[in-house]
Structure formats: C-alpha cells, structure tokens
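This report concerns only the one structure given below.
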Amino acid sequence: MSEHVKMIIEGKEYEFPVICGTEGEKAIDITSLRQKTGFITMDPGFANTGSCISSITFMNGEDGILRYRGIPVEQLAAHSTFKETAFLLINGELPSRKDLNRFSVLLNDHSLVHEDMQIFYQNFPRASHPMGILSSMVNALRSFYPALQTAEEEINIMVTRLLSKIRTMAAMSYKISLGHKVVYPRPDLSYCANFLNMMFDTPVRPYEIDEDLVKALSLFWILHADHEQNCSTSAVRVVGSGRVNLYASISAGIAALWGPLHGGANQKVIEMLEQIHSNGESIKKIVEMAKEKENPFRLMGFGHRVYKTYDPRAKIMKGMCHKVLKKFKAEDPLLDIAMELEEIALSDDYFVEKNLYPNIDFYSGIVLRAIGIPTNMFTVMFAIGRLPGWISQWRESVNDPEWRIARPRQIYVGPVKRDYVPIDER
Ligand code: COA
C-alpha cells in the first residue's frame, strides 16, 4: 500500500504521497502543494529538497557510503579505470571488452580540437584562471561543432567529443600559458597517460610515462566522477532544463565548480597548507581561527553538506597520497602539516560536535602536486573528473518524462505597491 503524509495547514488537513527510493530514502511529494494549499516550502540551500529522481549515484552521508550505479566507489577505486567508470556512469552498466574498445576508438577519434580554438586561448590575458578559460572554451564548442542530423547520433557524438576534448583543451591551455608548443593527443596512449603526455612532454625532454602516476590520476578522476545533486551538478541540470545544448550546460557546471566552497577548495587547501609552511604558523592557531564565529576563515578541506562522517573518498585519497610519495621517495612537508592539522581538528570539540571531517579536497591536492600538476590547474582536474557525472545527470534529466523547466518560487519581502515618482520630484 502506498504511504501518505498528512499536513494540517490553517486547520485544514491535506494528504501528500510519499516517494521511496531503492535504498529506503523517503520524500514527501509536494508537487501539488501550492495548487492545493496556496503555500510553498522554504529551504535555502535546498538541504531538505529533492530536485529529481535519479538512478545514477547513491550517497549516504551518515554512514560514509558512495556508489556509482550501485557499485561501491571503493571497488571502482581498487579495480576500475577512469574510462571504464565514465562508461558505467553514462551508460548505466559496466562495459564488455568490446564496448570498452569501441569507446576507446571513439575517444581517440574525437581527441583533437579545432586548430582555430588555439587562437582563442592565446587571446586570454596571461593571468586568467584556467577554470574561466575552460568554461568559455567548452561553451564555444557548440560554435565549432554545430548540431548533427539525428538526435541519438548528436548526443553520442557530443558526449564522446566532450569527454575527449576536455582533456586536450585543459592540457593545451597549460602549454599555452607557459608559452610552449602544444602537444597533440596520441592514439596509442590510455586516457590518463595521454593527458599527462600532453601536459608534460616537451621537445627537449620527452615525458616518461610512469604507470603508478597514471593509476594515481585515474583514481583521482574516479573519485571525482559523480556526487549526485551537488552545486555544479544542480547547475548543469538547472541550466539544461531550459533545453540548452549539453556544452552550455557543462560550461555552467564548470563555472559553479570554480567556487572555493565547492571544487575550488582543492586549490585553497594547498594554499592554506603552503601558508602554514612558509609563515611557520602554528597549526593550533589556525584551528582556533577557523572556530571564531566572527572570523570568515574556514579550515579548507573540512566539512561537507552531506557527509557527517569521514568522506569515503578522502580515506582512499589519503592512502594514495602516502603511496605516491613513498614510491618517489619524496617528502612533501605539506603532507606532514595536513596530517597534524587533521589530528588536531578531529580531536577538537568544535569539529567533533559539528561533524566536520576532512573531505576529498583535503588530500587530493598533495596527490596532484606529486603528479606535477600546477596548483592553479587543480580545479580543472576536478572538472575533467566530474564530466562523466555531469553528462549522465544531464542525459537523465533530458530523458525524464516528468521534466519541467527549473523555476523555484520565493517569498517576497520588498516594498508593497507604491507609485513611481518623477525624477524632479524626488
Ligand atoms: N571550518 C570551520 N567551521 C566550519 C567549516 C570549516 N571548514 N565548515 C563548516 N563549519 C561550521 C560553520 O561555520 C557552521 O557553524 P555554525 O553552525 O556555528 O554557524 C557549521 O559548521 C555548519 O556549516 P555550514 O556552512 O552550515 O555547512 P554547509 O553544509 O552549508 O557547508 C561546506 C558545507 C563544505 C561549504 C563547508 O563545510 C565549508 O565551507 N568547508 C570548507 C570548504 C571546503 O572544503 N569545500 C569542499 C567541499 S567538498
């Protein structure tokens, strides 16, 4: 029997159906609320609001669970590759060997970007942030690659184009920012190795591909591949709900991800750790500062809207951090600072009471540094990883029979009706 909830509004009783997810999550379906009662709900930041029904990613913040299409992220991190995980997210199932080969061929076929796009890059001011450049370039793809004939062909080609070209565009922007010659993608290299080669190969020093670094990058991207209805994914869905093309929707997602409270946090964590290191600041003092109510400073890489326990991705990332540094016998003083900071914060009453644990960004920057990625490219790395998630969420939303343009309501608290006063009488 289907469940209902009863609401009493201004003395009158109303019934609303309950929607149940496969993992037992429950929602009150208030689709008819305003029509029946004249009321709307108020939920700033949407912490209690479901915006869609989705079969892509399941997360449970209380128990630290994250699964893509039902598969625990820990299993994907241990056994999968980024390319295979991207296929899983976009198509709903793990690929057969034949599917994966076909997917690889398509990714190779679409890896080059239009030569004219290089001119765009060269005209951005040198100090431009790579996220601003990436967002503009992804939006510009629609002008360079106009719509195809059939809807199905259009979607499939757009998806592979984006997945493949985003990596080329990111590496290209880095090379151009250095004033170096662009390195083209190579069909003989895997998705991750290809990116590293385009970033670091030079005519004087050919890049030597290290399989452990390729694995580290693949893991970084797997862990970022989707995270259900977060700020940037919601931006992709909301912008897409106006039926704009995929490139424009993804461009909006990249812009949203740029923020320091979202994807930009990985850059901010490293900047914070560097500041502690170079100024020799006391870690205790930093923790105290983060607790001061009137101080806007926050401990970057701590806290999460959904996780109220240790972020499962942060655990895996921390392990990879130690592995990569050990392999290269490298010492990164920032790792020591991060571990000390984590220890102090995790035993501090403020952080314990508010359930503030390290999130994925806390350790991911150290892995990216070990790979050789410059700090201002960290959020771009996150964007490449999140792309399969954004694409699958966009695709799910455009195929949703209940799809409506996103249009929230508000409670107006401005002036009530008043008359216009001509300028000379004011
Ligand atoms: N350092 C210090 N205090 C923090 C904190 C942090 N990193 N994160 C949250 N808090 C405090 C808030 O000040 C607030 O305190 P209050 O209840 O006394 O007002 C309380 O914890 C709840 O935080 P709130 O901002 O309401 O949570 P949120 O769900 O809206 O925000 C984040 C979540 C992620 C935006 C927030 O934790 C944050 O800013 N973290 C740092 C940035 C970061 O690492 N982002 C990456 C996310 S993957």
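One-based numbering, in listed order, for ligands and for the atoms of each.
- Listed by first then second residue, pairs satisfying salt bridge (charged side-chain N to carboxylate O under 4.0 Å, His left out) with a partner in residues 342-355 read K291-D348, K318-E342, not counting sequence neighbours.
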CA sep, side-chain torsions, deciding dist, call: T202, K175, side-chain contact (heavy atoms from CB on, under 4.5 Å): CA-CA 10 Å; T202 72; K175 284 290 192 192; 3.8 Å; yes
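- Within the structure, salt bridge (charged side-chain N to carboxylate O under 4.0 Å, His left out) pairs that include any residue of residues 60-84 comprise E23-R67 (at least two apart or interchain).
- L273 has its side chain within reach of V269: a pair of non-hydrogen atoms, C-beta onward, lies under 4.5 Å apart.
- In summary, E288 and K285 do not engage in a salt bridge, as defined by a charged side-chain N under 4.0 Å from a carboxylate O.
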Using a 3.5 Å cut-off and no angle test, enumerate the donor-acceptor pairs between side-chain atoms of residues 134-141 and protein atoms at least two apart in sequence or in another chain.
| unit_1 | atom_1 | unit_2 | atom_2 | d |
| --- | --- | --- | --- | --- |
| S135 | OG | S251 | O | 3.1 |
| S135 | OG | S251 | OG | 3.1 |
| S136 | OG | G132 | O | 2.8 |

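- Closer than 4.0 angstrom to ligand 1 sit non-hydrogen atoms from L261, H262, A265, A290, K293, R298, L299, M300, G301, F302, G303, H304, R305, Y350, K354, L356, N359, D361.
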